[in-house]
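Everything on this sheet refers to the single structure shown next.
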Amino acid sequence: MSLLPAVTPASVTCPNPLISPPNPKTQPLSSNPNPRISLKPLESVVLWTSSISRHCRAGQLSRAAQEFTRMRLSGVEPNHITFITLLSGCAEFPSKGRDLGSLIHGYVCKLGLDKEDVIVGTALVEMYSKGEQVEVAKLVFDAMMVKNSVSWNTMIDGYMRNREYEKAVEVFDEMPQRDVISWTALINGFAKRGFYEEALDWFREMMIFGVEPDYVTIIAVLTACANLGTLSVGLWVHRLVLKQSFRNNVRVNNSLIDMYSRCGCIEFAREVFDKMQKRSLVSWNSIIVGFAVNGFAEEALKYFDAMQKEGFKPDGVSFTGALTACSHAGLVDEGLRYFDIMKRVHKISPRIEHFGCIVDLYSRAGKLKEAWDLVRNMPMKPNEVVLGSLLAACRNYGDISLAERIVKNLVALDPGSDSNYVLLSNIYAAVGRWVGASKVRRRMKALGIQKKPGFSSIEISGCVHEFVAGDKSHIDKDSIYAMLELLSFDLMSSGYAPEIVVRE
């Protein structure tokens with residue numbers, strides 16, 4: 001079975017210096033990039049490879065290919081470093097490097113390096129994995145006569161990158177010997193793609209096997225904790241960090257700040273920030289955004305000013321934090337001033353999230369006309385977050401006319417979304433327009449759109465439990481419903497009576 005891609009030496013119908021040996025009778029007199037200097041063979045290869053590397057790092061793959069062609073025409077034989085350089089360039093810029101990568105693959109196959117040189121073979125696996133040709137990567141991997149831990153880890157990462165999770169686990173299970181990078185490839189792969197519970201499960205198993213995590217593992221785990229809200233696991237990981245050599249790692253501390261902020265423990269986030277020996281712009285942005293989303297507008301703006309006094313120039317994320325703080329605190333004039341400074345002084349072009357903050361700022365303040373005018377005059381198409389913020393304000397202020405216009409825009413963005421229709425129906429119901437609410441529900445039914453059940457979640461002992469209304473699938477359902485009945489009884493005993501709405 002052939003392991004070569006579509007473009008191979010046999011399929012080329014015209015002479016190509018990438019794969020055909022040069023003809024001395026047709027070569028130029030120059031044999032190196034600088035014809036005035038006489039070089040030894042190894043020095044010449046190094047000089048050509050260095051030139052090729054510069055073009056690859058800059059993403060100029062066509063120029064790298066031209067340089068490689070000149071190298072071959074000069075009679076200089078490339079070595080494995082030359083091939084690795086080209087393959088790595090193709091991997092980093094897959095949209096540009098597919099054809100060149102295939103030609104280089106054909107060349108190394110002709111020399112047998114794809115099977116016999118573990119570094120070249122691994123570079124091929126990485127190139128095809130990043131170029132969304134993971135099955136070709138697996139063919140190359142299987143054909144390699146020698147594999148090392150880097151080869152195995154690259155194949156695992158390739159499957160994770162291409163969302164072939166089961167195959168990634170299969171390769172992991174087949175590994176003769178796993179290291180921390182092998183475990184991290186799975187944990188980080190799941191975390192990056194939103195499978196946070198799976199990431200934590202693999203981290204727990206890693207710890208059971210006694211494998212010491214590195215800082216990349218810790219960052220992935222903290223990302224999962226932040227998105228799940230698993231504070232107890234995050235606290236345990238923080239204690240683990242304090243015992244490790246990377247406890248002063250800036251990226252780890254930034255992740256801790258983000259995790260505590262998103263779990264609502266902003267004072268813990270502040271403590272981590274204040275104890276940092278070194279801080280980056282990301283550190284400042286994390287604490288500023290953390291204060292803002294947790295409702296500490298004054299603190300967010302204080303840290304925003306302190307950041308600049310420390311010599312850090314704010315970027316788009318910094319201003320998102322400042323604008324969010326102003327929005328949550330109802331500081332309309334202050335928010336508009338920051339928005340103007342961002343554009344005029346710092347020359348930062350507003351992105352969709354900045355416009356979203358201003359729309360939210362107007363919406364929370366009840367300035368729906370200003371918010372709607374801004375949405376209509378935005379230089380980019382508004383997304384669901386921006387329109388949803390304004391639609392929620394319409395519900396709070398009872399502006400049915402504007403709500404109807406917003407829903408039309410939302411439906412155009414996502415015709416199958418249930419939330420837009422449900423929110424409009426609730427707005428009608430809130431002002432007693434039951435006919436309108438019923439009409440929206442019938443419209444949903446006609447389109448085959450069903451309301452997705454909302455769910456609530458709670459973390460207990462590091463595990464997240466999710467529930468929907470009427471859910472009886474939980475293993476402790478009997479105890480849960482018994483407690484609900486007890487709470488209901490206590491409420492009724494205290495004189496609580498449920499509100500009954502009569503529809504006209």
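Predicted, not measured: the structure shown is a model, and the values here were computed from it.
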What side-chain donor-acceptor pairs closer than 3.5 Å can you find for residues 300-314, not counting sequence neighbours?
unit_1, atom_1, unit_2, atom_2, d
Q308, NE2, F304, O, 3.3

May I ask you to decide if [Y]'s main-chain N or O and [X]'s side chain share a donor-acceptor pair within less than 3.5 Å?
| X | Y | answer |
| --- | --- | --- |
| S151 | N148 | yes |
| H328 | A292 | yes |
| T184 | I181 | no |
| D360 | G356 | no |
| R193 | M160 | yes |
| T122 | V118 | yes |
| T223 | I219 | yes |
| N294 | F296 | no |
| R364 | L361 | no |
| K96 | C90 | no |

* Structure fact -> With sequence neighbours left out, the residues meeting salt bridge (charged side-chain N to carboxylate O under 4.0 Å, His left out) with E271 are K275
* **Contacts of K367 that satisfy salt bridge (charged side-chain N to carboxylate O under 4.0 Å, His left out) - sequence neighbours left out** =>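 With neighbours one apart ignored, the set is empty.
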Presence of salt bridge, [Y] and [X], under 4.0 angstrom:
| X | Y | result |
| --- | --- | --- |
| D258 | R262 | yes |
| R57 | E92 | no |
| R270 | D274 | no |

* Any chance CD of E353 has more than 12 other-residue heavy atoms, nucleotides or ligands included, within less than 6.0 Å? ->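 Result for CD/E353: enclosed.
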* Asked: Should we count CZ of R251 as having more than 12 external heavy atoms under 6.0 Å?
  ->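 No, not enclosed.
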Could you state the interatomic distance from [atom1] ([X]) to [atom2] ([Y]), rounded to the nearest 0.5 Å?
| X | Y | atom1 | atom2 | result |
| --- | --- | --- | --- | --- |
| L186 | E198 | CG | CD | 11.5 Å |
| L242 | L256 | CG | CG | 8.0 Å |
| K130 | N162 | NZ | CG | 11.5 Å |
| N253 | N248 | CG | CG | 7.0 Å |
| Y338 | C357 | OH | SG | 13.5 Å |
| C56 | I84 | SG | CD1 | 12.5 Å |

* Which class fits the ring pair F141 and W152: parallel under 30°, tilted 30 to 60°, perpendicular over 60°? ->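 Rings of F141 and W152: perpendicular, over 60°.
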Shortest non-hydrogen separation from [X] to [Y] and the atoms involved:
| X | Y | answer |
| --- | --- | --- |
| V180 | D214 | CG2-N, 3.7 Å |
| W202 | I187 | CB-CG1, 3.8 Å |
| I156 | A185 | CG2-CB, 3.8 Å |
| S283 | I257 | O-CD1, 4.4 Å |
| G234 | C225 | N-SG, 3.8 Å |
| A91 | M127 | CB-CA, 3.7 Å |

* Show your reasoning for whether salt bridge (Lys or Arg N to Asp or Glu O under 4.0 Å) applies to R337 and D340. => CA-CA 5 Å; R337 184 176 70 84; D340 178 65; over 6 Å; no
* Structure fact -> side-chain contact (heavy atoms from CB on, under 4.5 Å) test vs K138 passes for just one of V134, V136, V140, D142, namely D142
* To do: Tell me, with the steps shown, if E267 and Y260 meet side-chain contact (heavy atoms from CB on, under 4.5 Å).
  => CA-CA 8 Å; E267 287 305 321; Y260 281 131; over 6 Å; no
* May I ask you to test the M342-P350 pair for a side-chain heavy-atom distance under 4.5 Å? => yes
Indicate, with yes or no, if the rings of [X] and [Y] have centres closer together than 6.0 Å.
| X | Y | value |
| --- | --- | --- |
| W183 | F209 | yes |
| H238 | F268 | no |
| F273 | W284 | yes |

* To do: Identify, with sequence neighbours excluded, every residue that meets ring-ring contact (aromatic ring centres under 6.0 Å, His included) alongside Y165.
  =>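 Y165: ring-ring contact (aromatic ring centres under 6.0 Å, His included) contacts with F190, F195.
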* Of all residues at least two apart in sequence or in a different chain, which pass the ring-ring contact (aromatic ring centres under 6.0 Å, His included) check with H346? ->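 Once residues adjacent in sequence are excluded, the partners of H346 under the ring-ring contact (aromatic ring centres under 6.0 Å, His included) criterion are F319.
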* To do: State whether F172 and R178 meet the cation-pi test: NZ (Lys) or CZ (Arg) under 6.0 Å from the six-membered ring centroid, and within 45° of the perpendicular axis.
  =>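 Ring-cation test returns yes.
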* Assess whether side-chain contact (heavy atoms from CB on, under 4.5 Å) is satisfied between R98 and Q133, documenting all intermediate values. => CA-CA 10 Å; R98 177 163 295 200; Q133 294 178 281; 3.7 Å; yes
* Taking only residues at least two apart or on different chains, which pairs with a member in residues 154-171 satisfy salt bridge (Lys or Arg N to Asp or Glu O under 4.0 Å)? ->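 Residue pairs passing salt bridge (Lys or Arg N to Asp or Glu O under 4.0 Å), neighbours aside: E135-K167, D157-R161.
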